[in-house]
Amino acid sequence: MREMVLNGCCRYFSLHGDFFLFRNEFEKPDVILQNIHAPFDFPVVWGAKRLNARYIAEAWDLWPHYFVTFGLISAKNPVMKWAYSIERKMYEKASDIIFTFEGGVDYLCWHKWTTVAKGKIDIRKVHYINNGILLKEFYDNVYQYPNDDADLNRKDKFKVIYLGSIRLVNNVKQLIDAANVLKGDDRFSFLIYGNGNDKPILQKYVEDNHIDNVIFKNDWIPYHDVPYVVSQASLNVMNYQKGFGDYGVSSGKMFQYFAAGKPIVCNIKLNYSDIERYNLGIDADLDTPEKYAEAIRSIANLPKEEYEAMCVRVKETARKFDYDVLAKKLIEVIEG
């Protein structure tokens with residue numbers, strides 16, 4: 001359980017991702033803020049009503065919609081229709097809705113759940129507050145937890161770093177195939193950090209095809225080591241299946257990449273893209289290894305002045321997503 005004090009008058013408790021706001025610790029909560037995963041946590045809505053507490057719904061991802069997006073189940077399946085109906089009710093019951101991705105309103109409009117489409121959800125109660133990053137902690141960790149890995153610290157390589165799960169949804173094989181296209185260029189080194197079901201298969205694939213510019217690194221690294229690793233990149237990559245960014249993204253990894261101050265390439269076109277908005281790199285539907293490789297090469301081939309200017313823009317963008325900035329927005333919503 002985590003506790004914070006808001007404006008000196010309210011106690012704010014967090015338990016298992018849901019939040020309960022008290023005027024003092026001996027009273028019932030005034031506000032319940034829930035990170036929703038419909039339909040499984042609908043009882044929290046009942047609890048809020050029983051406690052006469054204001055209920056705020058917060059969505060970090062489009063659960064259960066991603067099951068449809070990635071082809072795991074049809075939207076016409078009775079189970080999905082039921083799950084969607086519960087999700088809609090949770091949003092309708094909320095006094096405010098917070099999406100950590102920018103396209104949340106479009107998602108509600110697509111479902112025709114808003115008052116614009118004769119639904120019940122007023123879009124004026126919908127807010128965008130993403131997950132962001134604590135910048136001071138990030139930069140402190142860069143200096144406090146250096147890594148002596150020789151591959152990571154090489155200055156003669158253009159280091160392309162992927163950090164995250166190595167599983168189907170992240171489509172890491174596509175990045176490896178792009179590395180294969182570039183293996184004739186000695187500048188490039190691809191460092192892959194993370195673990196997942198696909199890792200042993202991909203390690204064998206790299207070995208069998210002699211993709212020598214791909215190096216698999218740690219299965220897992222402590223959170224405080226991540227800032228140094230991504231800060232040593234020449235280019236950080238975000239790798240997903242098409243459809244993941246239809247309503248924007250609020251990936252913790254993306255904000256770490258911003259703080260690292262290095263260009264970013266994402267292999268899918270992101271709607272509401274900060275990468276495109278602030279010219280921080282490339283996000284596009286890179287649906288072949290050749291397109292992916294060309295995007296990476298185009299960043300590596302930037303004149304030094306343009307590359308360094310892009311790095312500055314990336315780092316400046318991170319300030320917009322500092323916890324101090326986002327906390328003020330959240331408090332405004334909580335205090336109504």
Side-chain angles (χ1 to χ4, degrees), residues 4 6 12 14 17-19 21 31-38 41 45 54-66 69 84 87-117 119-135 238 240 243-259 264 266 268-281 283 313-314 316-336:
M4 295 186 288
L6 302 181
Y12 183 34
S14 164
D18 300 329
F19 298 86
L21 182 64
V31 176
I32 294 177
L33 188 156
Q34 180 191 18
N35 176 15
I36 70 170
H37 291 87
D41 46 9
V45 179
R54 185 162 143 253
Y55 172 68
I56 300 174
E58 181 183 53
W60 288 17
D61 51 35
L62 290 178
W63 184 288
H65 181 67
Y66 281 151
T69 299
Y84 278 140
E87 181 189 19
R88 173 178 54 80
K89 288 179 181 177
M90 296 178 80
Y91 289 137
E92 289 175 351
K93 297 291 185 183
S95 68
D96 290 273
I97 302 167
I98 298 171
F99 286 104
T100 62
F101 43 92
E102 195 170 349
V105 168
D106 282 352
Y107 174 72
L108 299 177
C109 291
W110 173 75
H111 271 299
K112 299 182 179 179
W113 292 344
T114 67
T115 53
V116 176
K120 296 182 179 181
I121 300 172
D122 187 338
I123 62 174
R124 290 177 297 181
K125 73 176 186 179
V126 181
H127 313 272
Y128 163 54
I129 306 174
N130 59 59
N131 286 329
I133 188 167
L134 182 57
L135 286 178
M238 297 169 61
Y240 301 111
F244 181 78
D246 287 351
Y247 295 100
V249 297
S250 186
S251 164
K253 177 166 57 181
M254 181 173 68
F255 300 115
Q256 290 172 328
Y257 287 178
F258 286 172
I264 300 166
C266 181
I268 61 172
K269 185 71 189 79
L270 301 173
N271 290 328
Y272 310 93
S273 171
D274 289 312
I275 297 172
E276 179 182 41
R277 183 179 293 154
Y278 301 113
N279 188 14
L280 311 181
D283 70 321
R313 289 195 299 273
V314 177
E316 287 179 346
T317 300
R319 297 178 186 174
K320 302 176 188 294
F321 306 114
D322 188 18
Y323 280 173
D324 288 344
V325 175
L326 302 179
K328 291 176 183 177
K329 295 181 180 180
L330 179 58
I331 291 170
E332 287 176 1
V333 175
I334 290 174
E335 296 189 335

All ring-ring contact (aromatic ring centres under 6.0 Å, His included) counterparts of [X], not counting sequence neighbours:
{"X": "Tyr91", "answer": "Phe99"}
{"X": "Phe321", "answer": "Phe255, Phe258"}
{"X": "Tyr278", "answer": "none"}
{"X": "Tyr55", "answer": "none"}

To the nearest 0.5 Å, what is the distance between [atom1] ([X]) and [atom2] ([Y])?
{"X": "Ser95", "Y": "Asp122", "atom1": "OG", "atom2": "CG", "value": "12.0 Å"}
{"X": "Thr69", "Y": "Leu62", "atom1": "OG1", "atom2": "CG", "value": "7.0 Å"}
{"X": "Asp324", "Y": "Leu134", "atom1": "CG", "atom2": "CG", "value": "7.0 Å"}
{"X": "His37", "Y": "Glu87", "atom1": "NE2", "atom2": "CD", "value": "11.0 Å"}
{"X": "Ile36", "Y": "Met90", "atom1": "CD1", "atom2": "CE", "value": "5.0 Å"}

So do the side chains of [X] and [Y] get within less than 4.5 Å of each other, counting heavy atoms only?
{"X": "Asp41", "Y": "Gln34", "value": "yes"}
{"X": "Leu108", "Y": "Ile123", "value": "no"}
{"X": "Tyr128", "Y": "Val105", "value": "no"}
{"X": "Ile133", "Y": "Gln256", "value": "yes"}
{"X": "Ile98", "Y": "Leu330", "value": "yes"}

For Lys320 against Leu326, the heavy-atom pair lying closest together:
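So the minimum-distance heavy-atom pair works out to O-CD2, 4.2 Å.
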Residue list, side chain to side chain contact (heavy atoms under 4.5 Å, CB included) with [X], at least two apart or on another chain:
{"X": "Lys112", "result": "Ala117"}
{"X": "Glu276", "result": "Lys269, Ser273, Asp283"}
{"X": "Asp96", "result": "Arg54, Ile56, Lys125, His127, Val333"}
{"X": "Ser251", "result": "Tyr240, Lys253, Met254"}

Classify the ring geometry between Trp110 and Tyr247 as parallel (under 30°), tilted (30 to 60°) or perpendicular (over 60°).
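Because their plane-to-plane angle lies in the 30° to 60° range, the rings of Trp110 and Tyr247 count as tilted.
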Distance-only, no hydrogens or angles: does the Arg313 side chain make a donor-acceptor pair with backbone N or O of Asn279 under 3.5 Å?
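Indeed, once roles are kept as given, a pair shorter than 3.5 Å links the two residues.
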Side chain Asp322, main chain Leu135, donor-acceptor under 3.5 Å:
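Here the side-chain-to-backbone pair exists.
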According to salt bridge (charged side-chain N to carboxylate O under 4.0 Å, His left out), who are the partners of Glu316, at least two apart in sequence or on a separate chain?
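Salt bridge (charged side-chain N to carboxylate O under 4.0 Å, His left out) list for Glu316, sorted by chain: empty.
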Could you pull out all residues at least two apart from [X] that satisfy side chain to side chain donor-acceptor pair (under 3.5 Å)?
{"X": "Arg277", "result": "Glu102, Asp274"}
{"X": "His111", "result": "Tyr107"}
{"X": "Asn271", "result": "none"}

